[in-house]
Amino acid sequence: MRIEEELKLDFKDVLFRPKRSTLGSRAKVELKRDYTYRHSGRHSETVPIIAANMDTVGTFEMAAALAKHHMHVALHKHYLVEDYVTFFNDNNHPVHQYAFYSLGITDSDLDKFKAVKKATGDAIEFVCIDVANGYTETFIDFVKRFREAYPKTTIMAGNVVTADITEALILAGADIVKVGIGPGSVCTTRKMTGVGYPQLSAIIECADAAHGLGGHICGDGGCTVPGDVAKAFGGGADFVMLGGMLAAHDESGGEIVHQHGKTYRKFYGMSSEVAMEKYSGGVAKYRASEGKAVTLEARGPVDHTVQEVLGGLRSTCTYVGARTLKALSKCTTFVRVTQQINEVYGKAE
């Protein structure tokens, strides 16, 4: 046993230090970024925010809504083969060019992907290989074999929180490493296992490792307000994945519940008992649920939330003098704080 004494930080522990800026308007901030991916060699121009691959967030409808803003969706993996085929063969290429096909590392996951790919040709540009624990040799080996089989596909793989396995995944064939263990709003991994890492420090450390090898990272989890998204980018994230912030919208999916004259939508973690009952026949005897289910008041179309997130990002950039989102991390100085906001009149809506 050993203890690391170095302080690790979460989004709540810091604020941006404002700096002199020559930007006259938020409208002048460019949020699109150009990427060239290390292994696939592909190029993309995107607003690098990704809707999480949860069946109450990562839907076809969400893909269509976010594509209008040049944002990504990691589709959840529980659609039928024919549903994926219809989506990726659709003539509306601006939509599916922003979509990640998500899969796990089981034989059935791989067989399903092969069936979809066979029917859709080269339409799938992005793949998200997603497991809760990215530290197993089995996972790293799967990424390596997938890269060998599909050299032109851009691969995002995770989840991890440390520099060593970030490097291992990039060397194995990942273009983007997904970073985050336990910070999600409906994730109970830290409660059930005691495992995790403060998300801002995880992003900073993994970004440093990835960028040294020409790779990228995606900060996954822990963002509750637009300022957190900005902090993730300020810490060096190339992409940021959002779950709870994009849940309960018209495009999010999720069971609709009507109570006391209001409309609600259910939202749950993909390792929750609800998800495992739905897709695996229940929680296996050798494991425990590591997610929870909540009921959120319906939020209407996702466009309003997107506008808040992107508007917040632009405002952050003007405060620190960053003309582009790419420049934000270079303009970032974080100050440690003990309090974020004044809540004397209650929490802000």
Side-chain angles (χ1 to χ4, degrees), residues 30-53 58 63 66-67 69-75 88 93-103 105 110 113 116-117 120-131 134 139-160 163-180 202-203 205-220 232-233 235-242 324-330:
E30 179 54 71
L31 295 182
K32 279 188 183 179
R33 285 194 58 178
D34 291 320
Y35 295 98
T36 300
Y37 301 104
R38 171 181 163 143
H39 294 287
S40 71
R42 287 183 180 268
H43 168 84
S44 72
E45 185 180 42
T46 175
V47 175
I49 294 173
I50 308 174
N53 51 321
L66 296 192
H69 301 277
H70 309 283
M71 293 162 58
H72 291 276
V73 169
L75 298 168
F88 282 106
H93 177 68
V95 176
H96 63 68
Q97 72 171 343
Y98 292 107
F100 284 78
Y101 180 101
S102 300
L103 73 157
I105 61 173
L110 188 55
F113 172 76
V116 175
K117 179 145 179 72
T120 58
D122 294 326
I124 300 174
E125 298 181 27
F126 296 93
V127 164
C128 174
I129 305 174
D130 185 41
V131 296
F139 176 62
I140 296 171
D141 183 61
F142 184 93
V143 172
K144 183 177 181 180
R145 289 186 285 111
F146 196 95
R147 167 57 64 206
E148 291 169 351
Y150 304 103
K152 298 299 182 183
T153 301
T154 301
I155 297 173
M156 177 166 65
N159 282 31
V160 302
D164 56 342
I165 307 301
T166 296
E167 291 171 344
L169 285 169
I170 290 171
L171 294 174
D175 297 290
I176 308 164
V177 174
K178 196 146 69 79
V179 174
I203 287 170
E205 294 171 28
C206 293
D208 182 62
H211 297 163
L213 294 173
H216 300 89
I217 71 154
C218 174
D220 175 20
F233 284 120
D238 302 287
F239 295 84
V240 176
M241 180 171 277
L242 302 179
T324 65
L325 183 58
K326 182 178 181 179
L328 178 56
S329 64
K330 297 180 178 66

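Here the structure is a predicted model, which means the values were calculated and not measured.
Using a 4.5 Å cut-off on side-chain heavy atoms (C-beta onward), Phe139 and Ile129 make contact. Contact check for Phe233 versus Ile49: side-chain heavy atoms found under the 4.5 Å cut-off. In this structure, His39 and Ile155 have side chains that are not in contact, with every pair of non-hydrogen atoms separated by 4.5 Å or more. Between Phe126 and Met156, the closest side-chain pair of non-hydrogen atoms is not below 4.5 Å. Asp220 places a side-chain heavy atom less than 4.5 Å from the side chain of Lys178. The shortest distance between side-chain heavy atoms of Ile50 and Cys218 falls below 4.5 Å.
Here the CD-CD distance, from Glu125 to Gln97, works out to 6.0 Å after rounding to the nearest 0.5 Å. One distance of note links CE of Met71 with NZ of Lys32; it measures 13.0 Å at 0.5 Å rounding. Note that CZ of Arg38 and NE2 of His216 are 11.5 Å apart. Values are rounded to the nearest 0.5 Å. Note that CG of Leu103 and CZ of Phe142 are 5.0 Å apart. Values are rounded to the nearest 0.5 Å.
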*Apply side-chain contact (heavy atoms from CB on, under 4.5 Å) to the pair Phe146 and Ile105, showing each step before the final yes or no.*
CA-CA 10 Å; Phe146 196 95; Ile105 61 173; over 6 Å; no

_Between Ser44 and Tyr37, does the side-chain contact (heavy atoms from CB on, under 4.5 Å) criterion hold? Intermediate values first, please._
CA-CA 9 Å; Ser44 72; Tyr37 301 104; 2.7 Å; yes

_Trace of the side-chain contact (heavy atoms from CB on, under 4.5 Å) decision for Thr120 with Tyr101_ = CA-CA 12 Å; Thr120 58; Tyr101 180 101; over 6 Å; no

*May I have the step-by-step check of side-chain contact (heavy atoms from CB on, under 4.5 Å) for Phe100 and Asp130, ending in yes or no?*
CA-CA 11 Å; Phe100 284 78; Asp130 185 41; over 6 Å; no

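In this structure a side-chain-to-backbone donor-acceptor pair under 3.5 Å is present from His43 to Tyr35. In this structure, the side chain of Asp238 engages the main chain of Ile217 through a donor-acceptor pair within 3.5 Å.
Across all non-hydrogen atoms, the minimal contact from Thr153 to Asp175 is O-OD2, 3.7 Å. Across all non-hydrogen atoms, the minimal contact from Met241 to Ala74 is CE-CB, 3.9 Å. Closest approach of Cys128 to Asn53, counting heavy atoms only: SG-ND2, 4.3 Å. Across all non-hydrogen atoms, the minimal contact from Cys206 to Val179 is CB-CG2, 3.7 Å. The minimum heavy-atom distance linking Pro48 with Leu31 is given by the pair CD-O, 3.7 Å. Heavy atoms only, all atoms of each residue included: Leu66 and Ala51 are closest at CD1-CB, 3.8 Å.
Checked by atom type, the side-chain pair His70/Tyr98 shows a donor-acceptor distance below 3.5 Å.
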Can you give the donor-acceptor pairs under 3.5 Å from side chains of residues 164-172 to other protein atoms, not counting sequence neighbours?
| unit_1 | atom_1 | unit_2 | atom_2 | d |
| --- | --- | --- | --- | --- |
| Asp164 | OD1 | Thr162 | OG1 | 2.7 |
| Thr166 | OG1 | Thr162 | O | 2.9 |

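Listed by chain and residue number, nothing satisfies the salt bridge (charged side-chain N to carboxylate O under 4.0 Å, His left out) test with Lys326 (two or more places apart in sequence, or in another chain).
Heavy atoms of other residues, nucleotides or ligands lying less than 6.0 angstrom from CG of Asp122 number 12 at most.
Ring centroid separation for the pair Phe113 and Tyr150 comes in under the 6.0 Å cut-off.
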